[in-house]
Amino acid sequence: DVKVTQSSRYLVKRTGEKVFLECVQDMDHENMFWYRQDPGLGLRLIYFSYDVKMKEKGDIPEGYSVSREKKERFSLILESASTNQTSMYLCASSGWSDGYTFGSGTRLTVV
Amino acid sequence: AQRVTQPEKLLSVFKGAPVELKCNYSYSGSPELFWYVQYSRQRLQLLLRHISRESIKGFTADLNKGETSFHLKKPFAQEEDSAMYYCALSGQGGSGGSNYKLTFGKGTLLTVNP
C-alpha cells in the first residue's frame, strides 16, 4: 500500500510564526498535493507538484508556499501564520494512472 | 473552470433504506469522477471511480454526461456507512500535471440511524 506520512498530527503555532508542514510518500509518485479541509467548505487545493522542483498554484495559494527538493517529500510553508490558517491540512500523492492516496492530516491551530 | 456541487450538507436515513448522495459537476472536457469517503477519525480514502465501474461496499455511481451528474447510490444503507462523502473531479490524463489535480465538492455527511 502507498503510504503518505505527514510529520505532525497536531500543531499549535503563534501568529506570525513560520510554519513547516512535511509530507513524505514512499511509492515513487510523481504528483503531490496540499489541501486544506474546513467544515462546510470541503477540500480546497493550495498547491501541487508534478515533478521535483515543479510547483503550481491551486485555488487558494495566498499565504502559502511549497518546496519539493526530492520526489518523495513535499513541504507546505506558512510564511507568517495567521489565525485564518487554522485548519486541517491534507497531503496526497498519485502516480499518472493511480488515484490519490491521502495522509492522515495535520490539524494546525494558530493562536 | 471545473466545479463540483454536492447540494446536501447533511443526509440522514434509517438502516436498510436506500440512499443517494447527489453530485453535479461542471467541466469543459472529459472528466474523471470519483467518490471519496472519510470515516470518523480516519484518513480520506477512495471509494470508487467511474472508469472502473466497480461496486464498492454496495455503492455504485453512474456518470450521466447529459445531466453532468455522478450520484452515489446504495440500495440498503448500513450503520457503518455513516461518514463524510466527497465527490471529486479531475481531467483525463494528457500532458501536464494540472490535469491530475482533483477538485472536490463540499461534502455530504451521511448518518445512518439504527
Side-chain angles (χ1 to χ4, degrees), chain A residues 1-6 8-10 23 25 27 29-61 66 68 71 74 87-107, chain B residues 1-10 21-26 31-54 56 61 83-110:
Chain A
D1 277 355
V2 174
K3 283 199 170 53
V4 177
T5 304
Q6 295 183 232
S8 304
R9 189 76 178 98
Y10 298 95
C23 176
Q25 51 97 1
M27 280 298 289
H29 276 172
E30 294 83 2
N31 308 308
M32 296 188 75
F33 308 84
W34 276 107
Y35 288 85
R36 60 179 284 177
Q37 182 181 28
D38 299 288
L41 296 178
L43 278 75
R44 293 177 292 167
L45 182 63
I46 304 171
Y47 266 98
F48 65 104
S49 167
Y50 52 90
D51 201 353
V52 176
K53 297 191 186 295
M54 303 297 289
K55 61 184 179 183
E56 284 199 28
K57 293 180 179 179
D59 300 317
I60 52 163
V66 290
R68 192 157 180 213
K71 192 173 187 179
F74 192 36
S87 186
M88 173 69 86
Y89 289 87
L90 298 181
C91 175
S93 75
S94 75
W96 295 118
S97 59
D98 299 339
Y100 280 34
T101 298
F102 282 86
S104 55
T106 296
R107 185 168 293 283
Chain B
Q2 54 196 63
R3 188 168 62 244
V4 176
T5 303
Q6 294 179 249
E8 303 137 329
K9 284 188 179 179
L10 304 170
L21 289 84
K22 291 184 167 50
C23 172
N24 289 92
Y25 67 89
S26 172
E32 186 166 357
L33 274 296
F34 305 80
W35 277 99
Y36 281 81
V37 60
Q38 189 169 32
Y39 301 102
S40 179
R41 295 195 178 90
Q42 295 188 25
R43 66 182 66 196
L44 200 62
Q45 56 187 287
L46 178 66
L47 181 62
L48 56 79
R49 56 198 300 183
H50 88 271
I51 60 170
S52 63
R53 303 187 67 81
E54 291 177 303
I56 307 294
M84 178 68 84
Y85 290 81
Y86 292 98
C87 183
L89 171 156
S90 75
Q92 279 194 7
S95 61
S98 60
N99 278 338
Y100 292 87
K101 68 174 186 177
L102 272 179
T103 297
F104 286 84
K106 294 183 178 180
T108 298
L109 181 62
L110 173 65

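By convention in this document, chain letters (A, B, ...) are assigned in the order of the sequence lines, proteins followed by strands, and residues within each chain are numbered from 1.
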(request) Give the minimum heavy-atom separation between B/Lys101 and A/Asp59, together with the two atoms involved. (result)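 The answer is NZ-OD1, 4.4 Å.
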
(request) Apply side-chain contact (heavy atoms from CB on, under 4.5 Å) to B/Tyr36 and A/Leu43, showing your working. (result) CA-CA 11 Å; B/Tyr36 281 81; A/Leu43 278 75; over 6 Å; no

(request) Without swapping roles, check the side chain of A/Tyr35 against the backbone of B/Phe104 for a donor-acceptor pair under 3.5 Å. (result)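 A pair under 3.5 Å: no.
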
(message) How long is the straight-line distance from CG of A/Leu45 back to CG of B/Leu102, given to the nearest 0.5 Å?
(response)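 Here the rounded value is 9.0 Å.
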
(message) What part of A/Glu30 gets within 4.5 angstrom of chain B, counting heavy atoms only: side chain, backbone, both, or neither?
(response) neither

(message) Determine whether the aromatic ring centres of residues B/Phe34 and A/Tyr100 are separated by less than 6.0 angstrom.
(response) no

(message) Can you tell me which of A/Ser94, A/Ala92, A/Gly103 forms the most heavy-atom pairs within a distance under 4.5 Å of chain B?
(response)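 The option with the most such pairs is A/Gly103.
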
(message) Heavy-atom cut-off 4.5 Å, strictly under: side chain, backbone, both or neither for B/Gln6 against chain A?
(response) neither

